[in-house]
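What follows is a single structure, written as structure tokens, with notes after it.
Note on naming: letters A, B, ... go to the chains in the order of the sequence lines (proteins, then strands), and numbering restarts at 1 for each one.
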There are 2 protein chains.
Amino acid sequence: MARGKVQMKRIENPVHRQVTFSKRRAGLLKKAKELSVLCDAEIGLFIFSAHGKLYELATKGSMQGLIERYLKSTKGVGVAEVAKDTQALDPKEEINMLKNEIDVLQKGLRYIFIISDLSN
Amino acid sequence: MARGKVQMKRIENPVHRQVTFSKRRAGLLKKAKELSVLCDAEIGLFIFSAHGKLYELATKGSMQGLIERYLKSTKGVGVAEVAKDTQALDPKEEINMLKNEIDVLQKGLRYIFIISDLSN
DNA sequence: AACTATATATAAGA
DNA sequence: TCTTATATATAGTT
């Protein structure tokens, strides 16, 4: 977008591709933050580079919190918070809870998320 | 960024805020797609409007797939595929599996993801 | 929702 | 990297 238009396909030259990735990644993260602030939106963004390195942004709280919200929003139930701290529970109670979650699963829901501690 | 700079804070006028949200949301999604194509990156992006409406983009496969990859990448284990189809399992076996997953949890891992069917 | 004038992002070059 | 010419995004306006 500067000294020439760019074709919308994979940049073949690895050096150019890496440079463009760095610049545009920074631009994308900046735009996401701006949208969040200006319009009071919550945004989760994660980027895996071609070699698997992760870059991420969660505008409110944690990415885990946003993922939960996302799954809830898309799957109806999806995210079931079973226990804040499983280590504080009697194992039998936990198994019973898990059985209940299995029942939920068998009713056709696709995801159960067991979260031991959301706060850190 | 056009007929005047914008302050980086919440836009108070609801009409302006909504218009800006629509425009910038479209811009952000476009930029994310471009980065993905040009640089061969995988991107997961979700946006919740102030009133909870979800807008999303997953550049390869599904958002669920990207979320799994995200959790794996950040939590080491994070995502444990327990069964492709829980309905095909004997309940006792399933409880044993869940006990094993509890053991994993009690070793300090934070997330277990029970996925009944990844394929649809 | 369409139109510009401007601000910003960024491709190519150094 | 840093610079700079240009493409793109978008704020204010209609």
Give every residue pair that meets the salt bridge (charged side-chain N to carboxylate O under 4.0 Å, His left out) criterion with at least one member in residues 55-64 of chain A, sequence neighbours excluded. A/Asp40-A/Lys60

Kindly indicate, with the supporting measurements, whether the criterion side-chain contact (heavy atoms from CB on, under 4.5 Å) is fulfilled by B/Leu28 and B/Ile47. CA-CA 10 Å; B/Leu28 187 65; B/Ile47 304 167; 4.0 Å; yes

Interface with DNA chain C, restricted to residues 25-51 of chain B and to heavy atoms under 4.0 Å: B/Lys31

So the salt bridge (charged side-chain N to carboxylate O under 4.0 Å, His left out) pairs with at least one residue in residues 25-38 of chain A (sequence neighbours excluded) are A/Glu34-B/Arg24

Can you pull the side-chain hydrogen bond (donor to acceptor under 3.5 Å, both in side chains) pairs that have at least one residue in residues 43-53 of chain B, sequence neighbours excluded? none

Return no unless some side-chain N or O of B/Thr20 is found under 4.0 Å from OP1 or OP2 of D/dA11. yes

Whole-Å distance between D/dT10 P and B/Gln18 CD? 15 Å

According to side-chain hydrogen bond (donor to acceptor under 3.5 Å, both in side chains), who are the partners of B/Ser62, at least two apart in sequence or on a separate chain? none

Only counting residues at least two apart or in another chain, list the ones meeting side chain to side chain contact (heavy atoms under 4.5 Å, CB included) with B/Thr59. B/Ser36, B/Glu42, B/Ile43, B/Leu57

For residues A/Arg17 and A/Ile11, report the shortest heavy-atom separation together with the two atoms involved. NH1-O, 2.7 Å

N/O contacts under 3.5 Å, protein versus nucleotides 12-14 of chain D?
residue, atom, partner, partner atom, Å
D/dG12, O6, B/Lys23, NZ, 2.8

To the nearest Å, give me how far apart CZ (B/Phe21) and P (D/dT10) are. 13 Å

Of all the heavy-atom pairs spanning A/Thr20 and B/Cys39, show the shortest one and how long it is. CG2-SG, 3.8 Å

Atom pair distance, as rounded to whole Å: CG in A/Asn13 and C1' in C/dG13: 14 Å

To the nearest 10°, give me the bend of the helix from C/dA1-D/dT14 to C/dA14-D/dT1, comparing the axes of its five terminal pairs at either end. 30°

Following the transitive rule for hydrophobic clusters with a side-chain heavy-atom cut-off under 4.5 Å over Ile, Leu, Val, Met, Phe, Trp and Tyr, establish whether A/Leu35 and A/Tyr70 coincide in one cluster. no

Tell me every residue that passes ring-ring contact (aromatic ring centres under 6.0 Å, His included) with A/Phe21, counting only those two or more places apart in sequence or in another chain. A/Tyr55

